[in-house]
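Please read all numbers here as calculations on a predicted model, not as lab measurements. In what follows, every chain begins at residue 1, and chains take the letters A, B, ... in the order their sequences are listed.
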There are 2 protein chains.
Amino acid sequence: MDARAASARQMIAIYRTRPEGLENCPVRNVVQNVFGKWSALLLMVLAEKPYRFGELRRLVPDISQRMLTQTLRDLQRDGYVHREVFPTKPPSVEYSLTDMGRSMFDSLQHLLHWAENNVAAVHAARQRFDDAEAGSNAT
Amino acid sequence: MDARAASARQMIAIYRTRPEGLENCPVRNVVQNVFGKWSALLLMVLAEKPYRFGELRRLVPDISQRMLTQTLRDLQRDGYVHREVFPTKPPSVEYSLTDMGRSMFDSLQHLLHWAENNVAAVHAARQRFDDAEAGSNAT
DNA sequence: TAGCCCTGCTCTCATTTTGAGACCAATGGC
DNA sequence: GCCATTGGTCTCAAAATGAGAGCAGGGCTA
């Protein structure tokens with residue numbers, strides 16, 4: 001009917017033509033990395049300006065060094081992030097968004113803005129759900 | 001400078017004012033659920049039309065029944081999905097997008113469309129990365 | 001009336017992913 | 001010599017996920 005339904009049908013169609021399974025749906029394959037636990041947050045930080053490894057670590061203190069390394073490498077592999085090593089002593093590494101990363105982030109921004117504008121509505125929905133659940137449990 | 005950087009700064013600012021940690025960043029808290037491994041896919045399917053539990057299971061065969069139940073409950077809790085039980089024998093359950101779910105999905109769509117249009121570019125970037133890595137390993 | 005199937009789940013256990021923190025090499029300052 | 005810096009990797013524990021059995025309540029068929 002509308003673009004929304006058409007897109008869903010298209011993705012489902014792509015999906016169902018492949019008996020091998022959903023891993024082969026190309027759209028999902030691309031989106032999956034952006035949906036990683038830390039990906040969006042790092043992209044958001046890097047959208048502001050380039051940062052060094054240690055700076056990212058300080059800006060996002062609840063990420064482990066291990067996951068920071070891994071997430072940055074995944075984003076670099078997909079072409080969203082550029083990694084540049086400077087021959088200082090000790091060597092420093094700077095991460096920045098590529099043009100493709102900026103292009104993708106512009107699309108991601110719509111969802112982030114929706115979230116900013118609807119935090120209260122989502123929290124209200126959660127509250128209603130939890131209250132209803134507690135009520136039915138207490139019966 | 002632009003909206004992109006302003007939004008990042010805003011989120012980082014919200015974040016840094018809370019010594020308790022990033023879990024309290026309201027935007028991240030909301031977005032996290034949409035970024036779940038199966039959330040976007042289910043939203044996309046439900047954007048087409050309402051479906052019953054078993055239908056969703058057949059449409060997305062590589063999701064486990066456990067994760068389907070759990071993801072649908074999370075989406076329902078956040079107010080994106082409506083769950084309705086019909087008193088048939090045996091009872092059947094229908095899941096559909098709420099108005100809020102549709103509103104959110106419209107924002108998510110931008111990213112999905114970007115992915116559809118850039119699958120080839122991402123795959124090319126991955127190929128370059130993997131080739132470079134293999135080359136440096138073989139040195 | 002026994003046995004089997006359907007619905008939409010939940011429970012258990014194995015595998016995978018993530019987190020916490022130690023360790024590393026090279027260098028600079030004291 | 002000794003400790004701190006850089007950007008990592010390695011190991012082991014905890015958490016999330018997958019695979020598959022079990023379950024309740026009915027309707028079929030025989």
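Mapping Q70(B) and R52(B) onto DNA chain C by nearest heavy atom places R52(B) closer to the 5' end of the strand. For R66(A) and Y95(A), each mapped to the nucleotide of DNA chain D holding its nearest heavy atom, the one lying further toward the 5' end belongs to Y95(A).
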### Task
Show your reasoning for whether side-chain contact (heavy atoms from CB on, under 4.5 Å) applies to Y95(B) and L75(B).
CA-CA 10 Å; Y95(B) 293 90; L75(B) 293 175; over 6 Å; no

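Between Q32(B) atom CD and dT18(C) atom C1' there is a gap of 13 Å when expressed in whole angstrom units. What separates CG of L68(A) from P of dC10(D) is a distance of 17 Å, to the nearest Å. Atom CG in D74(B) sits roughly 14 Å away from atom P in dC9(C) (whole-Å rounding). Atom CE in M67(A) sits about 20 Å away from atom P in dC12(D), given to the nearest Å.
Of all nucleotides listed (dT10(C), dT7(C), dG8(D)), dG8(D) comes nearest to the side chain of F53(A). For K89(B), the side-chain atoms get nearest to dG26(D) when compared with the rest of dG8(D), dG26(D), dG8(C). Taking every side-chain heavy atom of T69(A) into account, dT9(D) is the closest of dG25(D), dT9(D), dG18(D). Closest to the V93(A) side chain, of the nucleotides dT9(D), dT7(C), dG7(D), is dG7(D).
When side chains are defined from C-beta on, L111(A) counts as touching V34(B), because their heavy atoms get closer than 4.5 Å. A heavy-atom distance below 4.5 Å is found between the side chains of F53(B) and L72(B).
Note on W38(B): a side-chain N or O is less than 4.0 Å away from OP1 or OP2 of dG18(D). An OP1 or OP2 oxygen of dT9(D) is reached within less than 4.0 angstrom by a side-chain nitrogen or oxygen of R73(A). For K37(A), a side-chain nitrogen or oxygen approaches OP1 or OP2 of dG19(C) to under 4.0 Å.
With rounding to the nearest 0.5 Å, the separation of CG in N118(A) from CE in M100(B) is 6.5 Å.
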